[in-house]
Each structure stands twice: as C-alpha cells, then as structure tokens.
Amino acid sequence: MKIAIIIGSVRQGRVGEQIAHWVTEQAAQLGSSLTFEKVDLLDFDLPIFNSPVSPRQAERKYEDPRVQKWSAVVDSYDGFIFVTPEYNHSVPGAFKNAFDFLAPEWTGKPIGFVGYSYSNAAFAIAHWREIVATMSMDAAENEVTVNLGSDFTDGTFTPSEVQDNALRAMVKELDPEV
C-alpha cells in the first residue's frame, strides 16, 4: 500500500515540510509493508473551488488541468497522512479547498493526522475527522500533535519520544503488520 504524506500548508515560512520529512523518515523505519511518499500541496497551484459539477458526479474528469493532475496524484495512493496546520482553530483554507475538489479519489481510504499549532492542532484534527467522514474515510484513532512553541528549538522541529510513539501507533492502525 502507498501512503501519501500530504503537506497541507502553502504559506511562506511554513514548518510543515520539516514535520512531513520527519513523518516520512520515521514511518519508513517502522518495518511496515506500507510505502510513504511526500506530496506537497504547494506543487499544484489549485484555483478556488468553483466547479459547476460536483466532484462526485465528475467521474474523475475535471476541466482544469491542475485539478486533473491533483486528482491523478491523490487517486494513485491507497491512504493518507495529513500534515496539517491549525488556522483560527480549524483547517487551513487551501487544504480544505484541495480536498473539496475531489470525491472518489478519497472515498473509503485510510487516513491519519499529524497536526501542528500553538494549541497542538486539536481543533484542526477534530474538524478534519468530521470532513473526511463525509468520504467514508477510515480515520486512525491515534494522531500526532506538534506544539509550535515547545516542539521546536531555534526553528527546527525536535520531536519527542511521545510523538515517536504516537506516530508508531498511528502507522500501526494504517498497517496492522507493524
């Protein structure tokens, strides 16, 4: 199974890349049969969702080539780990917009969450759980939370043993063979 680790921030100066790099490296060392690859939302330059056709009815055929590329990439994965910031106690707008463009590409696939903010991204992860439920995605109960205040040293992410263990538990839910 291929798991996409999606970097869900498109902001300048974002720390999601550091966190996604850690997730990718740590997950690959767990002895799982899963393969992990980073997918950066910034690489897609998606427009604001304004399609007259519902993604459920589009049958994976989208007019905008950027959306078609996004669809093909998301569809090529068997599951996901969202590396998500928390903005104003919710999910980032650009990431939610990207999610809304698609439907069958997400439906029924497993997903885990790694969230970061000054409040450990509890609200963003809770909102993502509600959102992905609309696509019948199988969300891992375990999640990884990162505090922007205490989990960084001089601008560098310094994961703790608690985060290592939480990631291991989450990956185990995505792949019980771990």
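Quick note: numbers below take in every heavy atom, side chains included, and nothing from hydrogens, waters or symmetry partners.
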Point to revise | Under 3.5 Å side-chain donor-acceptor pair for E25 and H21 | key: yes

Check your understanding: If Ile, Leu, Val, Met, Phe, Trp and Tyr residues are connected whenever their side-chain heavy atoms lie under 4.5 Å apart, and connections chain through other members, are L41 and V74 in the same group?
Key -> yes

Exercise for review: Could you name each residue pair satisfying salt bridge (Lys or Arg N to Asp or Glu O under 4.0 Å) that touches residues 135-159, not counting sequence neighbours?
Suggested key: R129-E143

Check your understanding: Taking E86 for the side chain and S119 for the main chain, is one N or O donor matched with an acceptor at less than 3.5 Å?
Key -> no

Point to revise | Inter-residue atom distance K38.NZ - I5.CD1, 0.5 Å rounding | key: 8.0 Å

Check your understanding: What's the spacing between N88 CG and F123 CZ if we round to 0.5 Å?
Key -> 11.5 Å

Exercise for review: Would you please test D64 and F101 for side chain to side chain contact (heavy atoms under 4.5 Å, CB included) and show each step?
Suggested key: CA-CA 11 Å; D64 191 306; F101 268 112; over 6 Å; no

Check your understanding: Within a strict 4.5 Å, meaning less than it, do heavy atoms of the N165 and R168 side chains meet?
Key -> yes

Practice item. Using modelled atom types only, decide if a donor and an acceptor are shared between the side chain of W106 and the backbone of F99 within a distance under 3.5 Å. Key: yes

Practice item. Mind running side chain to side chain contact (heavy atoms under 4.5 Å, CB included) on F36 and V23 for me, showing each step along the way? Key: CA-CA 9 Å; F36 300 90; V23 170; 5.9 Å; no

Point to revise | Check: S71 main-chain N/O paired with R60 side-chain donor or acceptor under 3.5 Å | key: no

Practice item. Check whether any side-chain heavy atom of E17 lies under 4.5 Å from a side-chain heavy atom of D40, and answer yes or no. Key: yes

Review point. Going by heavy atoms in the side chains, are V53 and K61 under 4.5 Å from each other?
Key: no

Review point. Is the closest side-chain heavy-atom distance between P110 and M1 below 4.5 Å?
Key: yes

Check your understanding: Can any side-chain N or O of Q163 pair as donor or acceptor with the backbone N or O of S160 at less than 3.5 Å?
Key -> yes

Review point. So, Q18 side chain and G155 main chain: donor-acceptor pair closer than 3.5 Å or not?
Key: yes

Check your understanding: Is there a side-chain contact between V10 and L42 (heavy atoms, below 4.5 Å)?
Key -> yes

Exercise for review: Look up atom CD1 in I19 and atom CG in L148, then write down how far apart they are to the nearest 0.5 Å.
Suggested key: 6.5 Å

Exercise for review: Output yes when a side-chain donor or acceptor of K109 lies under 3.5 Å from a complementary backbone atom of Y77, and no otherwise.
Suggested key: yes

Practice item. Check whether any side-chain heavy atom of P85 lies under 4.5 Å from a side-chain heavy atom of P92, and answer yes or no. Key: yes

Study note, to complete from the structure: Value for OG1 (T84) from OH (Y116), rounded to nearest 0.5 Å, stands at 7.0 Å

Check your understanding: Backbone N or O of A103 within a donor-acceptor pair of the E105 side chain at under 3.5 Å?
Key -> yes

Check your understanding: Is there a donor-acceptor pair under 3.5 Å between the side chain of N142 and the backbone N or O of L167?
Key -> no

**Study point:** Spatial distance of atom CH2 (W22) from atom OG1 (T158) [nearest 0.5 Å]
**Key:** 11.0 Å

Check your understanding: Quick check: does any side chain N or O of N120 sit under 3.5 Å from a backbone N or O of A122, one acting as donor and the other as acceptor?
Key -> no

Point to revise | W128-F95 aromatic ring centre distance below 6.0 Å | key: yes

Practice item. Classify the angle between the aromatic ring planes of F152 and F157 as parallel (below 30°), tilted (30 to 60°) or perpendicular (above 60°). Key: tilted

Review point. Linking I/L/V/M/F/W/Y whenever any side-chain heavy atoms sit under 4.5 Å apart, do V171 and V83 land together?
Key: yes

Practice item. Inspect the contact between K96 and D100 and indicate whether a charged nitrogen and a carboxylate oxygen are less than 4.0 angstrom apart. Key: yes

Review point. Would you call S51 and E63 a side-chain contact if the rule is heavy atoms closer than 4.5 Å?
Key: no

Check your understanding: What distance separates F113 CZ from I81 CD1, expressed to the nearest 0.5 Å?
Key -> 10.5 Å

